[in-house]
2 protein chains.
Amino acid sequence: MDNTRDRILQAAFEEFYRNGFQGGSLNHIAEKSGATKGALFHYFKSKAELGYAIVEEVIQPSGNPRWIDPLKEAGDPIETLKAMFRRNIREDLASTEMVSQGCPLNNLAQEMSPLDEEFRMRIKRSYERQRKAIVDALESGKQRGKVKKSVATKEVAALIVACQMGIWGTMRNTRDAQLMIQSGEALCRFLDTLKP
Amino acid sequence: MDNTRDRILQAAFEEFYRNGFQGGSLNHIAEKSGATKGALFHYFKSKAELGYAIVEEVIQPSGNPRWIDPLKEAGDPIETLKAMFRRNIREDLASTEMVSQGCPLNNLAQEMSPLDEEFRMRIKRSYERQRKAIVDALESGKQRGKVKKSVATKEVAALIVACQMGIWGTMRNTRDAQLMIQSGEALCRFLDTLKP
DNA sequence: CTGAAGATACCGACTGGTCGGTATGCTGTC
DNA sequence: GACAGCATACCGACCAGTCGGTATCTTCAG
């Protein structure tokens, strides 16, 4: 519908993904999107507002099919989690950009959380949704005898999300596929210990 | 010994810790350290060189007593790892700056790895040393019957370091002590599963 | 069907300020 | 007088953001 706005959003996402939010330039974004500074500030009243829009309109929607939706299927949550991690690791290792740039949400989280409360809260909500999806899947798995009753689901979900951030963060620094696969497999073995 | 240089290093560490490397200003650093830009460029020929010096002369040395040295004691490596994590979590939760700013090495790793190969390699080496220390401790634990022989030590070390990055990264975004303790405890339970 | 009125969607030159970096000068010590 | 250890003044590039203006589309009265 709103073509210019969408082009700006997409160009801004790429610019910030590559250079960070602080390092990203609105001039570059205008240039790359084919729009002008005037158009940019017509749709977003500040650089920060543009950043918020990227979190909510670009990054979050793109994360759902990878990290949230798979958990809704009613099979074995542990096997689902393992498959989800293995698939996302495999997918991202195939993308040279992902290997060197890591996870866009995590990047913004690390860069902007201490600097801008609005960023922090929006990103926090995003991770909370993911943790909640994991807790729900594990709890429902308990009911169906797929997960040990003694598992502290909140703790486990916190650890899994932390692992995810850490694994993708490690990839960004090391660019070592082996290391990413290794830590993914170790996580899978941890998940196995949660089975009855 | 070299007092002005040290003051610049310390001020630069704080500036970059708070604002990121790209966001940090050499003017602020000169001002805060009481030195001038002339002095700054006398000791460091560029902003990048100043950053490298911080990694190797400020951040890395400060990480050793927290993350490497404890692993050298010859007791039970799993209990040592658990105690190390619990202690570092407790310590950092007590520091409001750590809670909101996270781990300085991880911050630089995330921000600078894709932008500067020199940064990336220096930081990579730092994390490799940590992984190696964990592998060595676990292997030596195997020998002494403290760790299951079947444990894939490289994989586990990769996961532990990733967890560490993720837990501290999560803290930076959420500022939620509970969440940090929860994921720490979940990690401890995972470590317990490595015991014979 | 016409046309005035207003809203929306841009355009791009411009501004004040900050940035990393440099050129040059001064000062004390050996 | 040579040289380390600064200090000061300054540079061009770049930055986020502004502003006066225009072109086009929507609305609605006559």
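So you know, we letter chains A, B, ... as the sequences are listed, proteins then strands, and number each from 1.
Looking at heavy atoms from C-beta onward, Asn88(A) lies in side-chain contact with Met84(A) at the 4.5 angstrom threshold.
Residue Arg66(A) places its CZ atom among more than 12 non-hydrogen atoms of other residues, nucleotides or ligands, all under 6.0 Å distant.
Remark: Glu79(A) pairs with Lys82(A), Lys195(A) by the salt bridge (Lys or Arg N to Asp or Glu O under 4.0 Å) rule, at least two apart or across chains.
Remark: Arg189(A) does not engage Asp192(A) in a salt bridge, criterion side-chain N to carboxylate O under 4.0 Å. Taking 4.0 Å as the cut-off between side-chain N and carboxylate O, Glu139(A) and Lys142(A) count as a salt-bridged pair.
The nearest whole Å value for the distance from the CZ atom in Phe44(A) to the C1' atom in dA16(D) is 16 Å. For the pair Leu40(A) CG and dT18(D) P, the computed distance is 12 Å after rounding to whole Å. For Glu49(A) and dA16(D), the CD to P distance is 15 Å, given to the nearest whole Å.
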Quiz item: Going 5' to 3' along nucleotides 11-23 of chain C, which nucleotides have protein heavy atoms under 4.0 Å from the base (write B), which only from the sugar-phosphate (write S), and which from neither (write -)?
Solution: BB------SBBB-

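The side chain of His42(B) places an N or O atom within less than 4.0 Å of a non-bridging phosphate oxygen (OP1 or OP2) of dG5(D). Between Tyr43(B) and dC6(D) there is a side-chain N or O to OP1 or OP2 distance below 4.0 Å.
Residue Val99(B) is grouped with residue Phe119(A) when hydrophobic side chains (ILVMFWY) are merged at heavy-atom distances under 4.5 angstrom, including chains of intermediate members.
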